[in-house]
Amino acid sequence: MKKRVYEVAEDIKIPAKELIDFLKKEGISVKNHMSALDEETIEIIKVALAEEKMKVKQEKEEEKKIITLDRPPNLKELSVQLNLPLSKVMQLASKLGKVPSIERELPWGIAEKIYKQHNIKVNLSGNLKKLLKSKVIKDSELTSTIKSPVITIVGHVDHGKTTLLDVIRKSDITKKEAGGITQHIGAYVVNLKNNRFVFIDTPGHEAFTTLRARGVKATDIVVLVVAADDGVMPQTVEAINHARAANVPIIVAINKIDKANANIDKVKKELSKYQLVAEDWGGDTLVVEISALQKKGIDELLELISLQAEMLELKANPELPAIGVVIETRLDKGKGVLGTVLIQDGHLKIGDYFVVGTTYGRVRSIMDDIGKHITYAGPSTPVEITGFNQMPRAGDIFQVVASDHFARIIINEREMEERRTEKKEEERVSLENLFEEMKKGKLKELNIILKADTQGSLDALQESLANLSNEEVEVKIIHGGIGTISETDIMLAYASNALIVGFNVTADSMAQKLAKNEKIEIRTYNIIYDLIDEVKAALKGYLKPKLVEVTNGIAEVREIFKLPRIGIVGGCYVTEGKISTKDHIRVLRNEQQIYEGKDFSLKHFKEDVKEVHSGYECGIHIEKFDDLQAKDTIVFYNFKEVAR
Ligand code: GDP
């Protein structure tokens, strides 16, 4: 089997570039990492690699590295001494015990074991020997701590998301005093009654869907705002589906309860259709009734968020280098590229080297959510930083690394990963390749995002499509909505590898563009049956063909002959089709079947023949049936495979 260069490189765990260089050295010409390699070449590579490993091992044994220490190393130093990425050294160390922050000295026991594992001989200075003897060096304590939840507020337009975000932000008195509440960096922290929350400041689910489409989970909890006077609306449903697809718990905030026409029960009833059942309705969904305008129920909402966060047991380790996600980016004339990064784990400080997506940088400045310059930020902290060498993308992963050198290694890995995803992208589901995908057994569920012009047609289609499920494939409508196919539909389709099907609706231009870029298939129809038929056809393609019986010909018995040595032979006339010795036969008398079988021979005059066409006479002898009579009908049939 042929493989591409980067696939082989991945298999043998070396950068694709190194592999290409190696092949060139061996006189094997390859164009780039996408070039195909045949089995023979792959074998050559593997043998060469094995030899290389042996050589390295021998060399290592020959020249055991010796280092002299006058104090225990920290992780950074150890990574340099071992010539291994910091992340790798951390892994090694953490397997052996509690690991302190990267700058702090490692417990000697751990360092010693790692040196041993890597065949490094250590000369201890007199000073270190003394220190070790006096046990002055104690193991550092390192514990993971609870981290604050990150929350996104979602819901239908005008249901009060912005108002709620505002009220929550302003309820943090400390911020008000600091006068910093006007600052906008895409996310903010709220401290209330010993609880700390981080809110993603983008009402709507665009933000978190974009992030999720890139495989990043930036939200721990979703607050779904539903206006009590309006109820569950299309975007409410959309938001529910997005949160579900992202596997993020939902807290429902029924808003505008101050309004005269508020109908809380109606909202609860509507929500229960989407498996969001309030506790007073016998379910376990956290539901709170609020009025963002009158600032009622806000404390209860925050309480529920804390409760939910507690259940999630969100943990972080502030001593590790930072890892996070880019939420927003902007370009400032004076400052250059600014990026809002949500630190999810670890800590960030000025001067840290980082990689973000496939670019890198060094932190020049850190600003918190109220615009204050800071030098350190811990887990669950949104910050705006400068120091990027290029504009990162929202959704890119941000990661602090030990040095420029590590940055390059990681970027290399990411580029490989990107190529892998590109490859996957080519394999995204479309109706045409659905059959192929399913044949490979990859698809057990066909995810569909369904958009229609009216509630009636949406309901009808949802039911019809769901009914197309069969024992091998489940047709799953992960989102059904009314209206134009939008960018968020494409995002959801991307994140869940779904097909987008539209009935009497079109995709807006942004959605079309995005779909094209992300290679998402949009199918639109004006006739319900066309839509169902096409999905049906695609699904049918997969099912193993069914064997159906087809009648090939019919013969009538006109006379019976008794032949010596042979036995009974029916003198027949073929009335329909063509009969053949390959067929099965069924003998009917007065429309009742009296024999069925396959062992028979055909004669035309005295010759044995294989087939006889209609309008001709023939003799038929049936091996195990000697009761053939004149006027019997013989049906000749066979089986054909047909797609179900
Ligand atoms: P968004 O589109 O979901 O962000 O909704 P907004 O926060 O912009 O709110 C839409 C409208 O509803 C605004 O006029 C708000 O003043 C109003 N509104 C928001 N919350 C409440 C509430 O609790 N009660 C009432 N009566 N009006 C509200």
Side-chain angles (χ1 to χ4, degrees), residues 150-172 175-176 181-188 190 192 197-211 218-219 221-244 246 248 250-268 270-271 274 276 278 286-305 327-328 340 369 382 479 481-484 486-489 491-492 508 510:
V150 179
I151 303 119
T152 303
I153 298 186
V154 297
H156 194 70
V157 65
D158 276 349
H159 279 199
K161 299 180 291 290
T162 318
T163 314
L164 176 61
L165 267 165
D166 250 35
V167 172
I168 293 173
R169 176 159 36 197
K170 285 180 184 148
S171 60
D172 186 343
K175 294 230 161 140
K176 214 175 198 169
I181 48 172
T182 49
Q183 196 66 37
H184 266 261
I185 70 156
Y188 60 80
V190 177
L192 281 168
F197 309 91
V198 180
F199 283 88
I200 302 271
D201 193 7
T202 329
H205 45 246
E206 292 84 357
F208 98 100
T209 323
T210 315
L211 301 183
T219 299
I221 295 166
V222 156
V223 171
L224 176 71
V225 177
V226 189
D229 60 337
D230 204 18
V232 171
M233 295 304 276
Q235 284 169 305
T236 317
V237 179
E238 206 169 287
I240 294 171
N241 290 330
H242 280 258
R244 287 250 164 82
V248 179
I250 301 171
I251 294 175
V252 177
I254 301 179
N255 189 29
K256 306 199 186 182
I257 52 163
D258 58 286
K259 283 196 132 181
N261 56 346
N263 189 341
I264 298 168
D265 271 348
K266 181 173 155 270
V267 176
K268 286 187 178 169
E270 286 168 351
L271 283 168
Y274 299 90
L276 290 176
L286 299 176
V287 178
V288 57
E289 293 153 25
I290 63 165
S291 164
L293 200 69
Q294 298 187 347
K295 302 185 178 60
K296 276 192 191 137
I298 308 301
D299 282 352
E300 283 93 321
L301 171 63
L302 294 169
E303 200 108 317
L304 285 190
I305 296 175
I327 299 178
E328 265 182 9
T340 300
D369 59 319
H479 172 58
I482 300 167
T484 311
S486 66
E487 258 184 306
T488 57
D489 293 325
M491 286 296 188
L492 182 58
D508 63 32
M510 295 296 281

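As the structure lists them, so they are numbered: ligands from 1, and atoms in each ligand from 1. Bear in mind that the values here come from a model prediction, so they are computed numbers and not experimental data.
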(request) Answer yes or no: does an N/O atom from Ala292 fall short of 3.5 Å to an N/O atom of ligand 1? (result) yes
(message) Regarding atom 28 (C) of ligand 1: of the candidates Lys259, Lys256, Lys161, Gln235, which has the closest heavy atom?
(response) Lys256
(message) I need the His242 NE2 to Leu492 CG distance, nearest 0.5 Å.
(response) 4.0 Å
(request) For the pair Gln235 (side chain) and Val157 (backbone), establish whether a donor and an acceptor sit closer than 3.5 Å, ignoring hydrogens and angles. (result) yes
(message) Does ligand 1 come near enough to Gln294 that some N or O of the ligand is less than 3.5 Å from an N or O of the residue?
(response) no
(request) Side-chain contact test, heavy atoms from C-beta onward, threshold under 4.5 Å: evaluate it for Leu276 versus Leu224 and give yes or no. (result) yes
(message) Does only the side chain of His156 get under 4.0 Å from ligand 1, or the backbone, or both, or neither? Count heavy atoms.
(response) backbone
(message) If we set the cut-off at 4.0 Å for heavy atoms, which region of Leu293 has an atom near ligand 1: side chain, backbone, both, or neither?
(response) both
(request) May I ask you to identify, for Asn255, whether its side chain, its backbone, both or neither come under 4.0 Å of ligand 1 on a heavy-atom basis? (result) side chain
(request) Report yes if some heavy atom in the side chain of Leu301 is under 4.5 Å from a heavy atom in the side chain of Leu164; otherwise report no. (result) yes
(message) Below 3.5 Å, N or O to N or O, backbone or side chain included: is there any such pair between Gly160 and ligand 1?
(response) yes
(message) So that I can tick it off, tell me whether Asp265 and Lys268 are bridged by a salt bridge, with the cut-off set at under 4.0 angstrom between side-chain N and carboxylate O.
(response) no
(message) Within ligand 1, which atoms have a heavy atom of Asp158 less than 4.0 Å away?
(response) 1 (P), 2 (O), 3 (O), 5 (O), 10 (C), 12 (O)
(request) Enumerate the atoms of ligand 1 whose separation from the nearest heavy atom of Asp258 is less than 4.0 angstrom. (result) 22 (C), 23 (O), 24 (N), 25 (C), 26 (N)
(message) Quick check for you: to the nearest 0.5 Å, what is the distance between Lys295 atom NZ and Leu293 atom CG?
(response) 7.5 Å
(message) Measuring only between side-chain heavy atoms, which start at C-beta, is His159 closer than 4.5 Å to Asn255?
(response) no
